[in-house]
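Below is one structure, written out as structure tokens; comments come after it.
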Amino acid sequence: MASGDAGDTGPTDRANRAERVRLRLAAWWEANARDLPWRFGRATPWGVLVSEVMSQQTQMSRVVPYWTQWMERWPDAGALAAAPKADVITAWGRLGYPRRALRLQECAHVVSSECGDELPRAYDALVALPGVGDYTASAVMSFAYGERVAVIDTNIRRVLSRLFRGEESRGGAASPLERALANEVLPSDGGDSDDGPDDGPDDAVMKVPSGVSHGVSHGVSRHVPRATPPSVVWNQSVMELGALVCTAKNPLCEQCPVSDDCAFLAAGRPGLGERRTRPRQRFEGTDRQVRGIVLKALRELPAESVGSQDPDSLPRERVEALWRDHVQLDACIAGLDEDGLIEILPDGALRLPRG
């Protein structure tokens with residue numbers, strides 16, 4: 001439980017509290033960070049980008065096997081750019097939102113052809129890539145390149161809002177106030193904090209968590225850094241706290257390493273779990289479900305399909321058997337075709353894209 005009132009009394013109080021929180025979270029991170037294969041300097045910047053794209057709206061525990069197989073098959077942008085689209089869609093499996101797979105391949109084409117197969121370091125160059133937005137660009141700059149930049153995702157917004165403002169972050173796009181807070185409490189890296197990390201004094205860096213394996217065979221960096229800038233540890237530890245402890249509906253406050261400094265807990269956790277009012281869409285019967293059924297049927301086609309002129313296609317009669325409502329089915333097929341995820345053959349059969 002919180003000891004005393006953890007609410008802000010001004011900028012100085014917030015700065016002091018942020019420093020206490022930083023130190024406690026750094027120690028908690030070292031002891032509790034999940035050993036994900038793209039963490040702790042073991043993945044290339046491209047591998048970090050792939051992990052971030054795969055993790056969008058998908059639990060990290062589900063991402064790990066897909067990421068590992070993906071990086072073994074296509075360890076860099078050039079390899080992915082040269083892959084057949086059908087293979088890319090199939091390898092995406094059940095990660096959801098398969099359009100992300102094609103956007104990632106579009107990004108690989110640009111990185112391979114225009115950037116010398118090296119992921120850019122600058123924010124403006126990163127957000128100019130297909131499928132890369134503010135969060136992904138910031139995450140790559142921090143986690144792959146060690147730059148001092150505030151990474152702002154749902155978990156980080158929730159933790160910072162509860163800790164320092166004593167209220168819920170209610171979802172939606174990050175507000176100017178949330179962005180300002182994230183930048184205000186972001187730790188210095190020991191030098192000119194606006195120009196990214198430097199070597200700094202010994203007490204300005206954090207150790208790689210103990211017990212973390214360094215052995216990953218594909219898509220990995222050639223060396224593991226001896227130390228990580230405090231801003232990077234902060235971004236990672238706050239995000240991890242939001243994923244494991246300071247969760248949206250059932251936060252484990254009794255296990256939280258910074259509960260003594262939490263304004264939200266001190267205030268009695270007002271409005272716990274509140275979100276912006278938007279009806280939660282059911283999955284059963286939605287277009288998303290139908291699209292997933294069609295793609296699953298195409299991914300699972302045997303090497304020699306029967307009933308169509310094309311050996312890699314799903315015949316029309318089998319397509320119609322996938323979903324009872326043929327009007328909805330045809331609308332979803334048209335959408336998949338428009339998104340470039342499938343091809344419709346003259347006889348009405350479907351196949352994954354070629355080339």
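Keep in mind it's a predicted model, so treat the numbers as computed, not measured.
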For R94, enumerate each residue passing the salt bridge (Lys or Arg N to Asp or Glu O under 4.0 Å) test, keeping only those at least two apart in sequence or located in another chain. none
Please tabulate, one pair per line, all N/O donor-acceptor pairs under 3.5 Å involving side-chain atoms of residues 109-116, not counting sequence neighbours.
from: H109; atom 1: NE2; to: A81; atom 2: O; distance (Å): 3.3
from: S113; atom 1: OG; to: H109; atom 2: O; distance (Å): 2.7

Should the pair R99-E106 be classified as a salt bridge under the 4.0 Å nitrogen-to-oxygen rule? yes
Taking ring pair (Phe, Tyr, Trp, His ring centres under 6.0 Å) as the definition, give me every residue that meets it alongside W38, ordered by chain and number, with sequence neighbours left out. W67
Restricting to salt bridge (Lys or Arg N to Asp or Glu O under 4.0 Å), what partner residues turn up for R20, sequence neighbours left out? D261
Set of residues satisfying side chain to side chain donor-acceptor pair (under 3.5 Å) with respect to D153, sequence neighbours excluded: none
Please identify each residue that fulfils ring pair (Phe, Tyr, Trp, His ring centres under 6.0 Å) with W92, with sequence neighbours left out. W70
Just jot down the side chain to side chain donor-acceptor pair (under 3.5 Å) partners of Y135, sequence neighbours excluded, or say none. E52
Show me the pairs that pass salt bridge (charged side-chain N to carboxylate O under 4.0 Å, His left out) and involve residues 116-128, at least two apart or across chains. R121-E147
For residues 229-245, the salt bridge (charged side-chain N to carboxylate O under 4.0 Å, His left out) pairs (sequence neighbours left out) are R34-E240, R39-E240
Per-pair distances, 0.1 Å, donor-acceptor, side chain in residues 294-301, under 3.5 Å, sequence neighbours excluded:
from: K296; atom 1: NZ; to: E300; atom 2: OE1; distance (Å): 3.2
from: K296; atom 1: NZ; to: E300; atom 2: OE2; distance (Å): 3.0
from: R299; atom 1: NH1; to: G93; atom 2: O; distance (Å): 3.2
from: R299; atom 1: NH2; to: G93; atom 2: O; distance (Å): 3.3

What residues, two or more places apart in sequence or in another chain, satisfy side chain to side chain donor-acceptor pair (under 3.5 Å) together with Q236? none
Residue list, side chain to side chain donor-acceptor pair (under 3.5 Å) with D337, at least two apart or on another chain: none
E168 with R162: basic N within carboxylate O range, under 4.0 Å: yes
